[in-house]
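For reference, the structure discussed in these notes is given below.
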Number of protein chains: 2
Amino acid sequence: MENDRLKKQIEFIFEIDKLKQVYRQTLLMDGTRKENDAEHSWHLSVMSILLSEYGLEKNIDTLRIIKMLLIHDIVEIDAGDTYCYDENPYKDKLERERKAADRIFTILPPDQEEQFRKLWEEFEERRTPEARFAAALDRLQPLLLNYKTNGLSWRSHGITSEKVMDRNKNTINEGSTTLWDYAEELINNSIEKGYLPK
Amino acid sequence: MENDRLKKQIEFIFEIDKLKQVYRQTLLMDGTRKENDAEHSWHLSVMSILLSEYGLEKNIDTLRIIKMLLIHDIVEIDAGDTYCYDENPYKDKLERERKAADRIFTILPPDQEEQFRKLWEEFEERRTPEARFAAALDRLQPLLLNYKTNGLSWRSHGITSEKVMDRNKNTINEGSTTLWDYAEELINNSIEKGYLPK
């Protein structure tokens with residue numbers, strides 16, 4: 001192939017196929033198996049089309065939100081999924097993910113490498129309204145999956161309602177108060193139904 | 001929940017979790033299992049960010065392309081995946097998928113139902129540059145997966161190179177001549193390497 005730019009882009013498209021084999025702790029809503037990062041990123045992206053009207057700030061840029069959501073977990077090809085209720089692995093999470101970004105994004109042509117790295121950093125830093133909204137969805141979605149499986153993954157990891165409130169409240173609230181109100185109701189329902197120990 | 005609109009949106013988000021269990025004929029690049037529709041849609045969406053510069057027409061709307069790609073297979077929750085080299089199931093494909101769209105998109109609030117149905121119809125009809133580019137990616141991606149697995153899914157279905165050329169040439173060419181040039185080279189390589197019978 002003569003087109004060196006296209007060759008790099010295709011190489012990256014080959015590489016990220018591996019994200020379909022990075023499994024998360026959350027189960028699919030039918031409870032049969034764990035969800036992987038590619039499916040999760042797809043689900044979040046569709047959610048962002050539907051729910052961006054609830055963003056805390058008006059006129060947020062949907063295209064940038066979707067782009068962030070599509071690529072936010074690509075670093076986990078090398079760094080693996082860090083369960084959001086684990087304390088220890090969180091300590092070196094950033095370092096592991098930075099190293100992964102260095103390897104994976106550099107497969108791309110320089111301008112697109114820069115674009116993807118900036119999107120990933122924007123998502124991680126949560127300094128823009130778009131990143132805060134994307135992060136809120138990233139926290140809300142596993143709550144939905146847990147609720148639909150009667151809290152299977154919460155219960156198997158011994159997660160308490162206090163931990164769920166703690167871990168999600170600020171992040172979701174900072175992206176969307178409407179979505180936090182909904183999430184809080186879902187968590188309270190989960191406690192009532194015995195999906196989540198108090 | 002008092003917010004009836006949000007209730008409908010969340011109901012739809014629950015419903016589409018099923019797309020993660022609709023399996024395609026193509027295998028992941030590591031050859032271990034079939035790809036599902038949710039992963040496939042994610043992969044295409046990332047591809048569209050990287051490759052839209054090769055669209056046949058300039059200044060195509062990336063956001064609309066990504067939206068189409070994210071939702072184009074949702075009807076397969078009811079209609080199932082139709083293998084693109086099968087002749088018979090193609091006959092009633094449109095009818096089955098329309099029925100599915102009727103059931104699934106009506107879960108949404110009316111304005112978003114209309115938005116999603118229009119995006120799906122635009123993708124299916126391929127009358128806009130955006131839809132033609134999205135369709136080109138939808139054809140290119142399984143070629144990449146087949147190539148990486150030494151043609152495993154082609155060979156297990158007895159697909160010939162003539163059929164692959166036939167089925168993909170026009171659709172990819174109408175979206176991007178650059179991407180068709182690349183695909184043609186990939187197909188010829190596959191014949192040479194014995195992944196695809198002549």
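Any value given below was found using the heavy atoms of this structure, including those in side chains, with hydrogens, waters and symmetry copies removed. By convention in this document, chain letters (A, B, ...) are assigned in the order of the sequence lines, proteins followed by strands, and residues within each chain are numbered from 1.
If you tally non-hydrogen atom pairs under 4.5 Å between each of B:L51, B:D37, B:I71 and chain A, the highest count goes to B:L51. Contact tally against chain B (heavy-atom pairs below 4.5 Å) for A:E53, A:H40, A:K67: the top residue is A:E53. Of the listed residues (B:Q115, B:K148, B:M47), the one with the most heavy-atom contacts under 4.5 Å to chain A is B:K148. Per-residue counts of heavy-atom pairs under 4.5 Å with chain B were compared for A:L140, A:N36, A:L179, A:T62; the largest is that of A:N36. Among A:L108, A:L70, A:I74, A:T178, the residue with the largest count of heavy-atom pairs under 4.5 Å with chain B is A:L70.
Inter-residue side-chain proximity for B:K18 and A:L28 is flagged as unmet; no heavy-atom pair is nearer than 4.5 Å. The shortest side-chain heavy-atom distance between B:W42 and A:I16 falls under the 4.5 Å cut-off. Put simply, the side chain of A:Y147 does not reach to within 4.5 Å of the side chain of B:I10, judged on heavy atoms. Contact of the A:D17 side chain with the B:L144 side chain is not registered, since no non-hydrogen atoms from C-beta on lie closer than 4.5 Å.
Taking a 6.0 Å sphere around NZ of A:K198, one finds it holds 12 or fewer heavy atoms contributed by other residues, nucleotides or ligands. When the shell of 6.0 Å around CG of B:N59 is examined, it contains 12 or fewer heavy atoms from other residues, nucleotides or ligands. In this structure, B:K169 places its NZ atom where only 12 or fewer heavy-atom neighbours from other residues, nucleotides or ligands lie under 6.0 Å away. Atom CD of B:E121 is surrounded by more than 12 heavy atoms from other residues, nucleotides or ligands within 6.0 Å. Heavy-atom neighbours of B:R155 CZ from other residues, nucleotides or ligands within 6.0 Å: above the threshold of 12. The environment of CZ in B:R98 is sparse: at most 12 heavy-atom neighbours from other residues, nucleotides or ligands sit within 6.0 Å.
Using a 4.5 Å cut-off between heavy atoms, A:Y54 contacts chain B through its side chain alone, with no backbone atom that close. Neither the backbone nor the side chain of A:D181 comes within contact range of chain B; no heavy atoms are under 4.5 Å apart. Of the atoms belonging to A:K20, heavy atoms from both backbone and side chain fall under 4.5 Å from chain B. Heavy-atom distances place both the backbone and the side chain of B:F14 under 4.5 Å from chain A. Proximity to chain A (any heavy atom under 4.5 Å) is restricted, for B:I66, to the side chain, taken from C-beta onward.
Transitive grouping of hydrophobic side chains (ILVMFWY, heavy atoms separated by less than 4.5 Å) brings B:M165 and B:L143 into a common cluster. In terms of hydrophobic clustering, with Ile, Leu, Val, Met, Phe, Trp and Tyr side chains grouped at heavy-atom distances under 4.5 Å, B:I13 and B:L119 are assigned to a common cluster. In the hydrophobic clustering of ILVMFWY residues, with side-chain heavy atoms under 4.5 Å counting as a link, B:L152 and B:M29 come out apart. Hydrophobic clustering places A:L196 together with A:Y83 (ILVMFWY residues linked when any side-chain heavy atoms are closer than 4.5 Å, directly or through intermediates). By the rule that hydrophobic residues join a cluster once side-chain heavy atoms approach within less than 4.5 Å of another member, A:V22 and A:L27 end up as members of separate clusters.
Atom CZ of B:R33 sits about 5.0 Å away from atom CD of A:Q21, to the nearest 0.5 Å.
Judged by distance alone, the side chains of A:Q9 and B:Y182 never bring a donor and an acceptor atom under 3.5 Å apart.
The closest donor-acceptor contact from the side chain of B:H43 to the backbone of A:A38 lies at 3.5 Å or more, if one exists at all. The closest donor-acceptor contact from the side chain of A:Q112 to the backbone of B:L50 lies under 3.5 Å.
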